[in-house]
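Here the structure is laid out as structure tokens; the discussion comes afterwards.
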Amino acid sequence: MKLQKKRRHYPLLSLFIALVFALTMYSSKAQAQIIGNLEADIPFQFHAGNTELPPGKYVIHILDNSDLTIMEISSADGKMSALFDVREAEANSTPARDELIFNKYGNRYFLAKLFDESNADGSAVIESR
């Protein structure tokens, strides 16, 4: 009579390793958005989210504790501000300097994308009504 060794399968261990690998890959991508402040001098009236803002100097940053999905734009003098939702975006090429990209519909400008200098990963503004 032959003795057979019983093979033990560890499906839960395999699943756990696959899950850890997947989360590691995802988390590095999820963090690749605007870090710190972007400063801009915008020479025209524009919309950020649902708010219309006049020409002027602005500071833009991720809202604290927003899990990277809400940004705030504030006038340099602090008198005006607006919040807007964002998602991940990737530039066609790595920008040489900070970039704000606007969409123009008729005679209205809408903030569309933001990129940090030397970083192709940025933020796209989720379109408002």
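Quantities reported herein were computed from a predicted structural model and do not represent experimental measurements.
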Identify the two heavy atoms, one from [X] and one from [Y], that lie closest to each other, and give their separation to 0.1 Å.
X	Y	answer
Ser123	Ala89	C-CB, 3.8 Å
Met80	Pro54	SD-CD, 3.5 Å
Gly49	Val125	N-CG1, 4.4 Å
Ser81	Ser74	CB-OG, 3.6 Å
Phe115	Pro95	CB-CG, 3.8 Å

I need the [X] [atom1] to [Y] [atom2] distance, nearest 0.5 Å.
X	Y	atom1	atom2	result
Glu127	Tyr105	CD	OH	4.5 Å
Ile62	Thr69	CD1	OG1	8.0 Å
Phe46	Thr51	CZ	OG1	9.5 Å
Ile60	Glu72	CD1	CD	10.5 Å
Tyr58	Ile73	OH	CD1	6.5 Å
Glu52	Arg108	CD	CZ	6.0 Å

So [Y] and [X], do their side chains get closer than 4.5 Å, heavy atoms only?
X	Y	result
Tyr109	Asn103	no
Ile42	Pro55	no
Glu39	Lys57	no
Arg97	Ser118	no
Val86	Ile70	no

Within one Ile-Leu-Val-Met-Phe-Trp-Tyr cluster: Leu38 and Ile126, side-chain cutoff 4.5 Å: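 No, Leu38 and Ile126 fall in different hydrophobic clusters.
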
Test item: Asn37 side-chain N/O and Val59 main-chain N/O as donor-acceptor pair under 3.5 Å: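 Pair absent, no side-chain N/O of Asn37 close to backbone of Val59.
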
Plane angle bin for His47 and Phe110 - parallel if under 30°, tilted between 30 and 60°, otherwise perpendicular: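 The rings of Phe110 and His47 lie parallel, inter-plane angle below 30°.
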
Verdict with supporting geometry, Met71 and Leu114, side chain to side chain contact (heavy atoms under 4.5 Å, CB included): CA-CA 10 Å; Met71 295 190 82; Leu114 308 97; 4.1 Å; yes

